[in-house]
Amino acid sequence: MQIINSNNRIYRALVTLAVITETCLALSLNVTAISAKHGASVLECWQMNTPFVVSTDAGIAGSASAVLGNVTGLTYTVLPAGFDGGLHVAPKNQWVAFIKGIAVVTIPGDDSPNGTATITGGGFGLIFAADTKNVSKVGHITRYPGITETVGIQIPTKDGEIPMHKVLHRGPCSAYEVTGQLGLATGRG
Ligand SMILES: *[C@@H]1O[C@H](CO)[C@@H](O)[C@H](O)[C@H]1NC(C)=O
Ligand SMILES: *[C@@H]1O[C@H](CO)[C@@H](O)[C@H](O)[C@H]1NC(C)=O
Ligand SMILES: *[C@@H]1O[C@H](CO)[C@@H](O)[C@H](O)[C@H]1NC(C)=O
Ligand SMILES: *[C@@H]1O[C@H](CO)[C@@H](O)[C@H](O)[C@H]1NC(C)=O
């Protein structure tokens, strides 16, 4: 009985690993980026060059992780419900991970769907802000229209580096483009 159970566990672990390995292959994180073109901020959907791999790090070994590059400093910001961040440029090239609430980024003068990104805090809340003042004259507007506070973690990159990426298209990433990670959750049970 014992042996069957433990064999079963090993079998399930192997199946899980196989599923994750297969799902990992060629799966890359896509993030909405606030970039700049011709001196003005634009929204783009970026696909990271470094794909998910099966981690060998203690504690997460066997799960999928993507290396996103070197960073420096960390700021935890709490924005009250209804806060209006106004028009501004990115202070630095940085990741912003929204972990709670809602942020709406708009590009002044672009009323098309390409000009608005709605980011919900949580598992799909990571964006990259790269419209620094040397590349964007006016910047973008960020509002926090939720009924709760919004929490964002700002993570500037080391030496202001922009992570290697491919621009998938103009405008924010679609739901389809950010939910591919859900496939990495299968295989347990
Ligand atoms: C991060 O920094 C280390 C040490 O300087 C370097 O070896 C590594 O290549 C850097 N990683 C990336 C993704 O740039
Ligand atoms: C703009 O400034 C940022 C730092 O704020 C820097 O990392 C980036 O390389 C600069 N870009 C250009 C095109 O000069
Ligand atoms: C939005 O961006 C797409 C490319 O992703 C482009 O084909 C389309 O023309 C843009 N729409 C507007 C209104 O600018
Ligand atoms: C990124 O976008 C591609 C489509 O270009 C999609 O196949 C993939 O699942 C997306 N990745 C994630 C992690 O959602």
Side-chain angles (χ1 to χ4, degrees), residues 16-58 60 62-74 90 92-99 102-132 135-141 153-188:
T16 301
L17 187 62
V19 168
I20 289 179
T21 309
E22 198 176 298
T23 319
C24 267
L25 286 179
L27 186 66
S28 296
L29 194 65
N30 310 310
V31 296
T32 293
I34 311 167
S35 185
K37 283 256 146 56
H38 314 299
S41 298
V42 291
L43 292 170
E44 289 175 339
C45 179
W46 288 4
Q47 181 161 75
M48 294 300 117
N49 280 14
T50 315
F52 280 98
V53 294
V54 178
S55 177
T56 53
D57 288 351
I60 57 168
S63 60
S65 51
V67 173
L68 298 178
N70 291 321
V71 296
T72 174
L74 192 75
K92 291 170 181 170
N93 284 322
Q94 61 182 5
W95 297 98
V96 182
F98 288 104
I99 59 170
I102 190 164
V104 177
V105 177
T106 51
I107 303 299
D110 185 352
D111 295 332
S112 83
N114 292 342
T116 299
T118 301
I119 299 117
T120 305
F124 309 114
L126 184 66
I127 66 166
F128 195 86
D131 63 336
T132 47
V135 291
S136 176
K137 283 194 197 73
V138 185
H140 63 274
I141 296 163
I153 300 177
Q154 287 117 284
I155 314 159
T157 55
K158 185 167 169 278
D159 303 325
E161 264 175 34
I162 293 178
M164 299 283 280
H165 66 274
K166 179 171 101 184
V167 177
L168 289 184
H169 57 77
R170 189 76 168 256
C173 295
S174 66
Y176 166 72
E177 286 160 334
V178 295
T179 52
Q181 71 189 36
L182 296 176
L184 299 171
T186 58
R188 290 271 169 213

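Every number for a ligand or one of its atoms is a count from 1 in the order of the listing.
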Contact residues of ligand 1 with a heavy-atom cut-off of under 4.0 Å?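 Only G69, N70 have heavy atoms that fall under 4.0 Å of ligand 1, ordered by chain and number.
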Taking 4.0 angstrom as the limit and counting only heavy atoms of [X], give me the atoms of ligand 4 inside it, by number and element.
X: Q181; value: 13 (C), 14 (O)
X: N30; value: 1 (C), 2 (O), 3 (C), 8 (C), 10 (C), 11 (N), 12 (C), 14 (O)
X: Q47; value: 1 (C), 2 (O), 3 (C)
X: V178; value: 14 (O)
X: E177; value: 1 (C), 10 (C), 11 (N), 12 (C), 14 (O)

Per-residue contact class, S28 against ligand 4 - non-hydrogen pairs under 4.0 Å: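 Backbone only.
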Taking non-hydrogen atoms only, is T179 closer than 4.0 angstrom to ligand 4 via side chain, backbone, both or neither? backbone
[Y] side chain reached by [X] side chain, heavy atoms, under 4.5 Å:
X: T157; Y: I162; answer: no
X: V42; Y: R170; answer: yes
X: C173; Y: F124; answer: no

Should you measure from each heavy atom of N114, which atoms of ligand 3 turn up under 4.0 Å away?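 Those qualifying, in numeric order: 1 (C), 2 (O), 3 (C), 8 (C), 10 (C), 11 (N), 12 (C), 14 (O).
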Can you list the residues that meet the side chain to side chain contact (heavy atoms under 4.5 Å, CB included) rule with I99, with sequence neighbours excluded?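 I99 satisfies side chain to side chain contact (heavy atoms under 4.5 Å, CB included) with Y76, V151, I153 only.
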Rounded at 0.5 Å granularity, tell me how far CH2 in W95 sits from CD1 in I127.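 Here the interatomic distance stands at 10.5 Å.
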Is there a nitrogen or oxygen of L27 sitting under 3.5 Å from a nitrogen or oxygen of ligand 4?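 The answer is no, given that L27 and ligand 4 share no N or O pair closer than 3.5 Å.
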Any side-chain to backbone donor/acceptor pair from S136 onto S41? Under 3.5 Å, distance only. yes
Keeping the roles fixed (side chain from D131, backbone from A90), state whether a donor-acceptor pair exists under 3.5 Å. yes
Heavy-atom pair with the smallest gap, counting every atom of K166 and N49: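 That would be N-OD1, 3.6 Å.
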Contacts of K37 that satisfy side-chain hydrogen bond (donor to acceptor under 3.5 Å, both in side chains) - sequence neighbours left out: E44
In chain order, what residues pass the side-chain hydrogen bond (donor to acceptor under 3.5 Å, both in side chains) check against T106, with sequence neighbours excluded?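 Result, side-chain hydrogen bond (donor to acceptor under 3.5 Å, both in side chains) vs T106: none returned.
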